[in-house]
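These numbers come from the heavy atoms of this one structure, side chains and all, not from hydrogens, waters or symmetry mates. All residue numbers refer to positions in the sequence shown, counting from 1.
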Amino acid sequence: MYGYLAQSVRYPRKAVRNHTMGKVVVTAIVEKDGSLSNVKIIQDIGDGCGESVLRAVKRMQRWHCATKDRIPVRYEVRIPVTFRL
């Protein structure tokens with residue numbers, strides 16, 4: 001997952017100009033079929049960094065769903081992405 005994000009998330013030009021650094025955190029629900037839904041930014045550093053992460057997460061492939069007693073269940077994930085110059 002982090003390899004995909006490293007390739008897919010682009011440092012926005014505005015953030016580079018303003019030397020914006022920090023952590024963006026996105027949450028999502030992994031559905032029973034492995035698709036992601038309800039993807040939202042819960043921590044943003046501004047200058048377009050949050051939108052860049054959000055765009056990349058929405059394009060991710062299906063995840064492996066969690067199971068409880070061998071039954072697929074939904075679960076929430078937090079995905080932190082750090083921006084450093």
Nearest atoms (heavy-atom pairs only) where [X] meets [Y]:
X	Y	answer
Val81	Leu5	CG2-CD1, 4.1 Å
Ala28	Leu36	CB-CD2, 4.2 Å
Tyr4	Ala56	OH-O, 3.0 Å

At what distance, to the nearest 0.5 angstrom, does [atom1] of [X] lie from [atom2] of [Y]?
X	Y	atom1	atom2	value
Thr27	Ile41	OG1	CD1	9.5 Å
Lys68	Arg70	NZ	CZ	15.5 Å
Lys14	Cys49	NZ	SG	10.0 Å

Heavy-atom distance under 4.5 Å between the side chains of [X] and [Y], does that happen here?
X	Y	answer
Val26	Val39	yes
Thr67	Val73	no
Val57	Ile79	yes
Leu85	Val16	yes

Pairs involving residues 66-85, ordered by first then second residue, that meet ring pair (Phe, Tyr, Trp, His ring centres under 6.0 Å) (sequence neighbours left out):
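Residue pairs with at least one partner in residues 66-85: Tyr11-Phe83.
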
With the 4.5 Å side-chain cut-off for hydrophobic clustering, are Ile42 and Met60 part of the same group?
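Looking at the clustering, Met60 is in a separate group from Ile42.
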
With clusters defined by side-chain heavy atoms of hydrophobic residues (ILVMFWY) lying less than 4.5 Å apart, directly or transitively, does Val53 cluster with Met1?
yes

So the salt bridge (charged side-chain N to carboxylate O under 4.0 Å, His left out) pairs with at least one residue in residues 72-82 (sequence neighbours excluded) are Glu31-Arg74

With sequence neighbours left out, which residue pairs that include part of residues 40-64 fulfil the side chain to side chain donor-acceptor pair (under 3.5 Å) condition?
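Qualifying pairs, neighbours excluded: Asn18-Asp47, Thr20-Asp47, Asp33-Arg62.
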
